[in-house]
Number of protein chains: 2
Amino acid sequence: MPPEKNTPTPAEWKVLKLLFDLGPSAARDLIAAAERAHGWSASTVKTLLRRLTDKGHVEAQAVGSSYLYRATRPAHRAFRDEADRLLANSAPGALGSLLQYLVKKSRLSKDELDELRALIDAQREERER
Amino acid sequence: MPPEKNTPTPAEWKVLKLLFDLGPSAARDLIAAAERAHGWSASTVKTLLRRLTDKGHVEAQAVGSSYLYRATRPAHRAFRDEADRLLANSAPGALGSLLQYLVKKSRLSKDELDELRALIDAQREERER
DNA sequence: TTCCGTGGTCTACATTTGTAGACGGGCGGC
DNA sequence: GCCGCCCGTCTACAAATGTAGACCACGGAA
């Protein structure tokens, strides 16, 4: 169980995503990015940032008179949680086709494909035994 | 763009999931299942069912004096939409490891693994060219 | 020293979501 | 033919969410 229980809401995710993209950032940059990306007002971003820190997804590190915001967990961890939600919902039978869809759609690089293939082979071995 | 715009809320998903599991069902069965699975009252299920039909995820086919509820799109389609949301959020770099995680965690059957592997090989070919 | 821009905090408010009771009508049993 | 049960609809209402203004303090520019 991850320490963070409250998953981010969709709007919060968007801010989180910006944080992932920009890396640890000052409010001004996040606000600018959110304005550009979603047309949000500064206030909106501030609120979402507060809620994210409340929920523990974002950490506000005091720097001078203001904060540097950073995601508390790395992007891949956060996405993983999302993925878990997906699995939790998905019916067992539908899973295979779901993954196929994802692989097709996500246009992985050759290296990534190789890794994935290796993983699959390993799993197949396991099934053999 | 799928016809359905409003994605189901988490609670709605739970009902949808029950519908997928049970197949087209009468209210009584859904209510019973939801009671068992989530401890919900009949009213709650009814409301969620209404909202789902409003949003177009569920279709209420009149049968006698009541309805037979059925999901408007097959499970795999619905999950696919969820998966799309996931991809939309996920940063490109993180995708590979995300899929690995999913494959590992979802414990596919040998057949499913084979299919997935075939798909990956196909993609690799494509990268070659 | 004064003023302004930024950033943070408070407050606000409409909407959506989660959860559920009340009510009226029909059908199946007695 | 009357009764109760089950169903669908209406209504309710608290909490979460989306979106944002008001206000205040401080640090830097002038």
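In this text, all values refer to a predicted model and were calculated from it rather than measured experimentally. Within every chain, numbering begins at 1; the chains are lettered A, B, ... in the order of the sequence lines, protein sequences first and strands thereafter.
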**Prompt:** Between A:Q61 (CD) and C:dG8 (P), how many Å, whole number?
**Reply:** 13 Å
**Message:** Taking the minimum atom-to-atom distance to the side chain of B:R51, which one of D:dA12, D:dT9, C:dG8 wins?
**Reply:** D:dA12
**Item:** Atom-pair distance (CG on B:D54; P on C:dT15), nearest Å
**Value:** 17 Å
**Asked** Between the main-chain N or O of B:N6 and the side-chain N or O of B:H57, is there a donor-acceptor pair closer than 3.5 Å?
**Response** yes
**Request:** With sequence neighbours excluded, tell me which residues meet side-chain hydrogen bond (donor to acceptor under 3.5 Å, both in side chains) with A:R70.
**Result:** A:Q61
**Request:** Give B:S66 one of three labels, base, sugar-phosphate or nothing, depending on what nucleic acid heavy atoms sit under 4.0 Å from its own.
**Result:** sugar-phosphate
**Request:** Tell me which residues in residues 24-33 of chain A put a heavy atom below 4.0 Å from DNA chain D, sorted by number, or none.
**Result:** none
**Request:** Go through the structure and list residues passing ring pair (Phe, Tyr, Trp, His ring centres under 6.0 Å) with B:F20, not counting sequence neighbours.
**Result:** B:F79
Extract from the structure each pairing of a protein N or O with an N or O of nucleotides 14-16 of chain D at less than 3.5 Å, listing the distance.
none

**Message:** Can you measure A:R50 atom CZ to D:dT19 atom P for me and round it to whole angstrom units?
**Reply:** 15 Å
**Asked** Which nucleotide in the set C:dA20, D:dG18, D:dC7 lies at the smallest distance from any side-chain heavy atom of A:P10?
**Response** D:dG18
**Message:** If I take atom NE2 in residue B:H57 and atom C1' in nucleotide C:dT17, what distance separates them, rounded to the nearest angstrom?
**Reply:** 14 Å
**Rounded distance in Å - CG (A:L48) to C1' (C:dG8)** = 15 Å
**Request:** Decide whether A:L30 and A:V63 are clustered together by the hydrophobic rule: side chain heavy atoms of Ile, Leu, Val, Met, Phe, Trp, Tyr closer than 4.5 Å, transitively.
**Result:** no
**Request:** In whole angstrom, give the distance that lies between atom CD of B:E35 and atom P of D:dC6.
**Result:** 14 Å
Distances under 3.5 Å only, N/O to N/O: pair up the protein atoms with those of nucleotides 22-30 of chain D.
none

**Asked** Are A:L22 and A:I31 co-members of a hydrophobic cluster defined by side-chain heavy atoms under 4.5 Å apart?
**Response** yes
**Request:** Could you check whether the rings of B:Y69 and B:Y67 sit parallel, tilted or perpendicular, using 30° and 60° as the cut-offs?
**Result:** perpendicular
**Message:** Taking 4.0 Å as the cut-off, does a side-chain nitrogen or oxygen of B:T47 come that near to OP1 or OP2 on C:dT19?
**Reply:** no
**Message:** I'd like to check the side-chain hydrogen bond (donor to acceptor under 3.5 Å, both in side chains) partners of B:K105; sequence neighbours left out, ordered by chain and number.
**Reply:** A:D84, B:Y101
**Request:** State whether B:Y69 places a side-chain N or O below 4.0 Å from either non-bridging phosphate oxygen (OP1 or OP2) of D:dC7.
**Result:** no
**Item:** From C:dG8, D:dA20, C:dA20, nucleotide with atom closest to A:S41 side chain
**Value:** D:dA20
